[in-house]
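Worth knowing before you read on, the calculation uses all heavy atoms, side chains too, and leaves out hydrogens, waters and symmetry mates. As the structure is a prediction and not an experimental result, all values here were calculated from the model.
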Amino acid sequence: MNSTNKLKIFNDPIYGFISIPNSLVFDLIQHPYFQRLRRISQMGLSYLVYPGAHHTRFHHALGCMHIMQKALETLKYKGVQFTEEEENALYIAILLHDIGHGPFSHAMEHSIVEGIQHEEISLQFMHALNRHFKGQLDLAIQIFKGDYHRKFMLELISSQLDMDRMDYLKRDSFYSGVAEGNINSDRLIQMMNVADDHLVIEEKGVYSVEKFLMARRLMYWQAYLHKTSVVAELILTKILKRAKELTQKGNVLPCSPPLQFFLQNKVARTDFDGEALTQFALLDDYDVMGAIKLWQFSTDFVLAELCKMIVNRELLKIDMSEEKPVASKIQTLKAQLLDHYPISANDSDYFVFKGKLKNIAYNKESVPIRIIKKDRSVEVLEDTSEPLQVRALSKAVTKYFVCYPKVLLG
């Protein structure tokens, strides 16, 4: 019997060759739970703005694992000790950190799955995989939850300068073509060290940190919070809510069995194991887009109209402002809408609605970025005298928006 070669390599357009460190990581990548990430888009519906943005969560997860390998090489060179078990646990934790994302990344969390974030679903998947692999993910789960005594390990996975952010900024910049988001992850990794059980950046790397934060801010405004991306995701969320509302009233909508499961059942945090997790693992972008293509011909005007907007890229108009919209504007738009669309006043919320977007590149209230100085003292980033932009980058910028059909413009 021929044994499978599990030390394969992936050819990645960002980093070149990505190697698989061991056979357990190979088996995790091969598992259907992880292969599903090939069918989950990394940037949701951003391809409606940036046609190249069709990369997947699968790409991203492998990229994160690759730069985790680079980070551990650097830290070991600087004298930070790791056991083989700790190294493997870090590879597994970063590889699986996004495994709980639903179709088009965030739309599910705000519509047909209630009160549970993708991080919690990722943890449920990790527990299920741990049972399958007979406890080999124990330490990875401990680190992912922040329960491991070496706290800097969690900071490599989830912090304001983690491997996740380093990969998605560089990758999303590349695929979208938004050059302002490109970062020098190699330089940042070379500047990393550990002090007092925290991840730190050497003082000479402070400008690279500043560039990283600036790139993050620009990527949010130009890509993740681009007004067309925002309105497309909001329409998708409204589609799923409407589909669930109709299904709960006894309408049978054509769609795949996994999507039907979430439309028929009220699935909250406490229900998210067993059958719900099994069905979620079968759900991806194809289920949702296939359903939308069918639902554009629905007899329900609201559902059909919203689906046509996504299929044909004829989206709602979105007005953005630094001022809160006055209530009377919303009421006027809703009144005008009823003259154009054959819907009830209650259903007008599907087509006319408001909201706000917040962009903060560096959150001083969160785990800070720490800078280690030449005298080995450690300061948080905002207390160093060098980065002039940090105060500006740590201010939250809020923009308000109103969405409504373009037919109301006339």
Side-chain angles (χ1 to χ4, degrees), residues 64-87 89-91 93-94 97 139-140 142-170 181-220 359-397:
C64 289
M65 183 190 71
H66 175 73
I67 55 174
M68 180 67 84
Q69 289 173 285
K70 296 290 180 195
L72 296 195
E73 277 175 26
T74 297
L75 293 175
K76 284 193 286 185
Y77 178 76
K78 293 179 181 180
V80 182
Q81 302 287 318
F82 295 92
T83 65
E84 188 179 339
E85 190 187 11
E86 285 172 336
E87 277 189 55
L90 284 165
Y91 298 148
I94 197 67
H97 78 283
L139 185 55
Q142 213 180 332
I143 293 169
F144 186 79
K145 289 168 68 179
D147 293 340
Y148 193 55
H149 68 277
R150 302 186 79 184
K151 297 301 178 190
F152 79 90
M153 291 190 179
L154 177 62
E155 291 170 13
L156 285 165
I157 295 158
S158 179
S159 67
Q160 297 198 77
L161 202 60
D162 57 29
M163 305 304 105
D164 175 32
R165 292 183 186 195
M166 278 197 210
D167 181 79
Y168 78 61
L169 285 174
K170 198 170 181 66
N182 194 14
I183 58 159
N184 189 345
S185 53
D186 288 340
R187 167 76 175 166
L188 282 164
I189 286 167
Q190 288 301 318
M191 293 298 106
M192 282 185 171
N193 208 331
V194 173
D196 302 325
D197 201 29
H198 285 293
L199 200 61
V200 293
I201 298 292
E202 292 169 11
E203 189 175 16
K204 59 191 173 184
V206 77
Y207 292 114
S208 298
V209 173
E210 190 177 341
K211 166 80 165 55
F212 168 85
L213 294 174
M214 184 63 78
R216 187 166 185 265
R217 183 177 187 217
L218 292 170
M219 274 300 284
Y220 267 84
N359 184 1
I360 180 163
Y362 178 65
N363 186 353
K364 290 195 288 188
E365 309 305 312
S366 183
V367 178
I369 294 173
R370 293 175 171 85
I371 306 297
I372 187 164
K373 308 195 97 166
K374 290 187 179 117
D375 63 4
R376 309 307 291 166
S377 64
V378 176
E379 285 186 347
V380 294
L381 180 65
E382 58 269 31
D383 290 345
T384 60
S385 57
E386 289 290 341
L388 304 176
Q389 295 286 345
V390 170
R391 290 175 200 81
L393 291 167
S394 58
K395 282 184 183 165
V397 179

Which heavy atom in M163 sits nearest to a heavy atom in A71, and how many Å separate them?
SD-CB, 3.9 Å

Carefully, step by step, assess N184 and K211 under the rule side chain to side chain contact (heavy atoms under 4.5 Å, CB included).
CA-CA 9 Å; N184 189 345; K211 166 80 165 55; over 6 Å; no

Are the side chains of F212 and S185 in contact, using a 4.5 Å heavy-atom criterion?
no

Nearest-0.5 Å distance that lies between atom CD in E210 and atom CD1 in I369
11.0 Å

List for me each residue that meets side-chain hydrogen bond (donor to acceptor under 3.5 Å, both in side chains) alongside N359, sequence neighbours excluded, and say none if there are none.
none

Quick check: do V397 and R217 have side-chain heavy atoms less than 4.5 Å from each other?
yes

Tell me the closest heavy-atom pair linking V200 and V194, and the distance in Å.
CG2-N, 3.9 Å

Just how far is it from atom CG of L139 to atom OG1 of T83, taken to the nearest 0.5 Å?
7.0 Å

Going by ring pair (Phe, Tyr, Trp, His ring centres under 6.0 Å), name the residues that satisfy it together with Y168, two or more places apart in sequence or in a different chain.
Y224

Of all the heavy-atom pairs spanning Q160 and P368, show the shortest one and how long it is.
NE2-CA, 4.3 Å

Student check: side-chain heavy atoms of F152 and R370 closer than 4.5 Å
no

In Å and rounded to the nearest 0.5 Å, what is the CD to NZ distance from E379 to K373?
4.0 Å

Hey, are the side chains of L213 and L381 touching, using non-hydrogen atoms and a 4.5 Å cut-off?
yes

What pairs with S377 under side-chain hydrogen bond (donor to acceptor under 3.5 Å, both in side chains), at least two apart in sequence or on another chain?
D375

Residues which pass ring pair (Phe, Tyr, Trp, His ring centres under 6.0 Å) with Y148, listed by chain and number, not counting sequence neighbours
none

Among residues at least two apart in sequence or on other chains, which ones pass salt bridge (Lys or Arg N to Asp or Glu O under 4.0 Å) with R150?
E86

Distance, nearest 0.5 Å, that separates CD1 of I67 from CD1 of I189:
5.0 Å

Name the atoms and distances for all side-chain donor-acceptor pairs under 3.5 Å in residues 74-81, with sequence neighbours left out.
from: T74; atom 1: OG1; to: K70; atom 2: O; distance (Å): 3.2
from: K76; atom 1: NZ; to: E87; atom 2: OE1; distance (Å): 3.3
from: K76; atom 1: NZ; to: E87; atom 2: OE2; distance (Å): 2.9
from: K78; atom 1: NZ; to: Q190; atom 2: O; distance (Å): 2.6
from: K78; atom 1: NZ; to: M192; atom 2: O; distance (Å): 2.8
from: K78; atom 1: NZ; to: E202; atom 2: OE2; distance (Å): 2.7

Can you tell me if D147 has over 12 outside heavy atoms packed within less than 6.0 Å of its CG?
yes

Distance col, row I371:CD1 vs N193:CG, nearest 0.5 angstrom, shows 12.0 Å

Is there a donor-acceptor pair closer than 3.5 Å between any side-chain N or O of R216 and the backbone N or O of I360?
yes

Roughly how far, to the nearest 0.5 Å, is the CE atom of M68 from the CG atom of L72?
6.0 Å

Candidate pair L156 and L199, rule side chain to side chain contact (heavy atoms under 4.5 Å, CB included), full reasoning:
CA-CA 7 Å; L156 285 165; L199 200 61; 3.9 Å; yes

How close do A93 and A140 get, counting heavy atoms only, and between which atoms?
CB-O, 3.9 Å

Determine whether L90 and I143 make a side-chain contact, defined as any pair of heavy atoms from C-beta on separated by less than 4.5 Å.
yes

If you define the side chain from C-beta out and look only at heavy atoms, does anything of E382 sit under 4.5 Å from S394?
no

Below 4.5 Å, heavy atoms only, C-beta onward: do N182 and K170 meet side chain to side chain?
yes

Restricting to side-chain hydrogen bond (donor to acceptor under 3.5 Å, both in side chains), what partner residues turn up for E155, sequence neighbours left out?
H198

So salt bridge (Lys or Arg N to Asp or Glu O under 4.0 Å) across residues 156-168, not counting sequence neighbours, yields D167-R171

Do you know the tightest heavy-atom contact between I183 and A215?
CG2-CB, 3.5 Å

Atom of C64, atom of H97 and distance for their closest heavy-atom approach
SG-CE1, 3.6 Å

